[in-house]
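What follows is a single structure, written as structure tokens, with notes after it.
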Amino acid sequence: GAVVSQHPSWVICKSGTSVKIECRSLDFQATTMFWYRQFPKQSLMLMATSNEGSKATYEQGVEKDKFLINHASLTLSTLTVTSAHPEDSSFYICSATRTSLDEQFFGPGTRLTVL
Amino acid sequence: RKEVEQDPGPFNVPEGATVAFNCTYSNSASQSFFWYRQDCRKEPKLLMSVYSSGNEDGRFTAQLNRASQYISLLIRDSKLSDSATYLCVVNGGNQGGKLIFGQGTELSVKP
């Protein structure tokens with residue numbers, strides 16, 4: 001099956017710093033990547049859809065200036081949480097697909113803790 | 001109303017029990033339906049896709065009723081290793097590949 005990696009797997013940072021999370025498709029080209037956030041005891045919530053070479057589409061209520069998404073190549077998308085605050089602490093998960101209608105393959109997630 | 005709603009959990013069952021999870025969705029334009037399994041602090045993993053004709057994979061049986069916008073998952077002869085959160089997932093209809101996740105139902109299988 002297709003493999004998606006995320007880096008880092010966990011990060012702890014001080015309030016006000018920016019954190020970059022990488023999502024890579026290791027053995028296939030991903031034209032579309034999705035970024036999700038999951039708070040404890042809640043389900044995954046889609047934050048944004050990212051297509052290679054174009055601007056990400058953000059879900060309602062997600063601040064695009066706070067969560068910067070770059071999908072510069074067919075195997076890499078990055079999510080930068082700018083000026084992170086404790087309420088941004090969450091489990092961030094990416095998924096990747098060959099086409100937008102294909103099965104999504106999930107990365108292992110990044111656990112962010114903002115102190 | 002949530003786009004995808006699942007039975008509130010948790011379900012605590014003994015080994016060997018049969019357990020059923022229910023799910024309803026609101027978008028009648030949805031075309032693809034899935035059950036995912038998520039272990040604690042891990043990413044979700046696809047358990048099975050759900051088809052109108054129903055499908056079975058070993059101890060797992062999934063059913064879809066489009067008219068009622070209802071999806072189910074049946075687990076027979078449950079094992080300790082089945083303990084996880086089960087997520088009902090529906091595609092967003094005309095919204096491309098967007099997936100909508102239910103809140104999940106936690107299953108705990110006890111010896």
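Side chains are part of it too, since the values below use all heavy atoms of this structure and drop only hydrogens, waters and symmetry mates. These numbers were taken from a predicted model, which means no experiment stands behind them. Every chain is numbered from 1 and lettered A, B, ... according to where its sequence line falls, protein lines coming before strand lines.
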So, does A:Ser43 use its side chain to make a donor-acceptor pair with the main chain of B:Gly102 at under 3.5 Å?
yes

Less than 4.5 Å to any heavy atom of chain A: does that hold for the side chain of B:Phe34, its backbone, both, or neither?
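Neither the backbone nor the side chain of B:Phe34 comes within 4.5 Å of chain A.
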
Part of B:Glu106 lying under 4.5 Å from any heavy atom of chain A
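Contact with chain A is through the side chain of B:Glu106 alone.
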
Contact check, side chains of [X] and [Y], non-hydrogen atoms, under 4.5 Å:
X: B:Pro44; Y: A:Ile93; value: yes
X: A:Phe106; Y: B:Leu46; value: no
X: A:Glu59; Y: B:Lys98; value: yes

Are [Y] and [X] co-members of a hydrophobic cluster defined by side-chain heavy atoms under 4.5 Å apart?
X: A:Leu68; Y: A:Met45; answer: no
X: A:Met33; Y: A:Val4; answer: no
X: B:Leu47; Y: B:Leu74; answer: no
X: A:Phe105; Y: A:Leu76; answer: no
X: A:Phe39; Y: A:Leu115; answer: no

Look up atom CZ in A:Phe91 and atom NZ in B:Lys42, then write down how far apart they are to the nearest 0.5 Å.
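Nearest 0.5 Å value for the CZ-NZ distance: 8.5 Å.
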
Evaluate the side-chain contact (heavy atoms from CB on, under 4.5 Å) criterion for residues A:Arg111 and B:Arg41: first the C-alpha distance (whole Å), next the side-chain angles of each, then the deciding distance (0.1 Å), finally the verdict.
CA-CA 9 Å; A:Arg111 194 160 300 279; B:Arg41 304 174 79 85; 3.1 Å; yes

A:His7 atom NE2: more than 12 heavy-atom contacts under 6.0 Å
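At most 12 heavy atoms, drawn from other residues, nucleotides or ligands, come within 6.0 Å of this atom.
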
Tell me if the OH atom of B:Tyr51 is crowded by more than 12 foreign heavy atoms within 6.0 Å.
no

Is a side-chain donor-acceptor pair under 3.5 Å present for B:Gln38 with A:Gln38?
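B:Gln38 and A:Gln38 do have a side-chain donor-acceptor pair below 3.5 Å.
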
Worked check of side-chain contact (heavy atoms from CB on, under 4.5 Å) between A:Lys41 and B:Gln103:
CA-CA 8 Å; A:Lys41 299 292 186 184; B:Gln103 77 274 24; over 6 Å; no

For A:Leu44 and B:Phe101 the tightest heavy-atom approach is O-CB, 3.8 Å

Grouping ILVMFWY residues whenever side-chain heavy atoms fall under 4.5 Å, the cluster of A:Tyr58 otherwise contains A:Val11, A:Val19, A:Ile21, A:Trp35, A:Met47, A:Val62, A:Phe67, A:Ile69, A:Leu79, A:Val81, A:Tyr92, A:Leu112, A:Val114

